[in-house]
Amino acid sequence: MVNSPLSKDPMKVIIRNPKRRQLELDGSRQVRDVLRELDLNPESVLVIRNGIMLTRDERVAAEDTIEILSAISGG
Amino acid sequence: MRCLKCGEKAIMELSRHNSAFCQPHYVEYFENQVERAIRRHQMFDRNDRILVGVSGGKDSLSLWHILVRLGYRAVGLHIHLGIDDYSKTSYGKALSFARERGLELIAVELAERYGMNVTQLARRVRQAPCSGCGLSKRYILNREAYERGFAVVATGHNLDDEAATLLGNVLHWQIGYLARQSPVLSSAGEKLVKKVKPLYTLTERETAAYALLHDIDYVVEECPNAPGAKSLLYKDVLARIEAESPGTKQRFFCEFLDHARPRFRAGGDEHTLRDCAMCGQPTTSGLCAFCRLWERAQRRAAKQKTHRPAVKEAIGDESEKTVSPY
């Protein structure tokens, strides 16, 4: 669920694709589920928490902040 | 996930290789891929002077970084295209990278040398900016490399770039381009410098990861001219296929190189190169494509200046200068 008003500690997700936007997700889940929920292709992004890259099976806690960085550039 | 090599916690998974690596082993994987590509295609050796095309993006800065790290003699060349703040930021990233590491960076400013930037060029010739931009970058890289005595030009094109280009060439059956698309284009005559793409087996995602792991500060913003570019559409299509069927992108490009390209080359026309009548650079016709394009742009700029000089001079438009491209 995105941007739920009931969440006490929503997961913060910063997306740089390449423009920066921030949103919140409720609850803990795996990186692959975060990407699926946000309709982001795992082949096109890197997911970072506290400066460390995460694999798709990594669990992200509800109170975590993660950054999703687009790896695709044009030209 | 655990690292394939040491069993420690992995930071990067590679579905197409059915593997994952910890940080040190990911860096080792990445650098091995580059070294293997260099050796397999005999791109250059440690005695050669290499001119690296450096845009300020993750691919070119990572390439420059890795070549220096592996002990190659690499000098950077940045072409300042004059695309709004994007070009200023890009140049800033390239310059900072070079200064922090004590590397030599050559900078060429398009507007200063040829009288107009990429945006003005596109407006004059009434074409999409990307075609004039790409042509100008290729021309300047070759010319600078030749005039400064470099053995080879290296660019940061990666697997995604090459697969997207291949898809475009196949969709439009560009036979000539299919015959020439390769990670190595040998020198043809002394004025056409050898061109290589050492990152061609690595994806953009892998290059971005390498840049992050080495604290390479690159321009994250997209070129303002990129939205709508066909290359982005092709990359998106290929990424979707790759997510469903890992390894497809690599097979598409690498098997093209091994099996299909030789057939296109066998059926292609051989062109004889001669010197461009204006600039002396190699071309298959009387005037090279670069001179034709820039001459057209400058003719139109001069014509517009003649028709409405007062307005332009009043707002101080530098683009109205008519300067020979050479």
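Below, chain A is the first sequence line, B the second, and so on; all start at residue 1.
Counting heavy atoms from C-beta on, the side chains of B/Ser15 and A/Glu43 come closer than 4.5 Å. Residues B/Arg205 and A/Ile72 are not in side-chain contact: their nearest non-hydrogen atoms beyond the backbone lie 4.5 Å or more apart.
Residues of residues 61-71 of chain A lying under 4.5 angstrom from chain B, judged on non-hydrogen atoms, are A/Leu69, A/Ala71 by number.
Chain B forms the most heavy-atom pairs under 4.5 Å with one residue out of A/Val47, A/Ile48, A/Asn41, A/Ile52, and that residue is A/Asn41.
With rounding to the nearest 0.5 Å, the separation of CG in A/Asp57 from CE in B/Met1 is 4.5 Å. Taking CE of A/Met53 as the reference point, atom CD of B/Gln23 lies at 7.0 Å (rounded to 0.5 Å).
Using a 4.0 Å cut-off between a side-chain N of Lys or Arg and a carboxylate O of Asp or Glu, B/Lys9 and A/Glu58 qualify as a salt bridge.
Annotation for B/Tyr86: atom OH counts as buried by contact number, over 12 foreign heavy atoms lying within 6.0 Å. In B/Asn18, the CG atom is not crowded: 12 or fewer heavy atoms of neighbouring residues, nucleotides or ligands sit closer than 6.0 Å. Heavy atoms of other residues, nucleotides or ligands lying less than 6.0 angstrom from OH of B/Tyr29 number more than 12.
Minimum heavy-atom separation, B/Ala10 to A/Thr55: O-CG2, 3.8 Å.
Interface residue A/Arg56: backbone and side-chain heavy atoms are both found under 4.5 Å from chain B. Contacts between A/Leu54 and chain B at a heavy-atom distance below 4.5 Å involve the backbone alone (N, CA, C, O). Both the backbone and the side chain of B/Arg240 come within contact range of chain A, judged by heavy atoms closer than 4.5 Å. With a 4.5 angstrom heavy-atom cutoff, B/Asp59 touches chain A only via side-chain atoms. When heavy atoms are compared at a cutoff of 4.5 Å, B/Tyr26 does not approach chain A at all. At a 4.5 Å heavy-atom cutoff, the contact between A/Val45 and chain B is made by backbone atoms alone.
Residue pairs that meet the salt bridge (charged side-chain N to carboxylate O under 4.0 Å, His left out) test with at least one member in residues 241-254 of chain B, sequence neighbours left out, are B/Asp160-B/Lys249.
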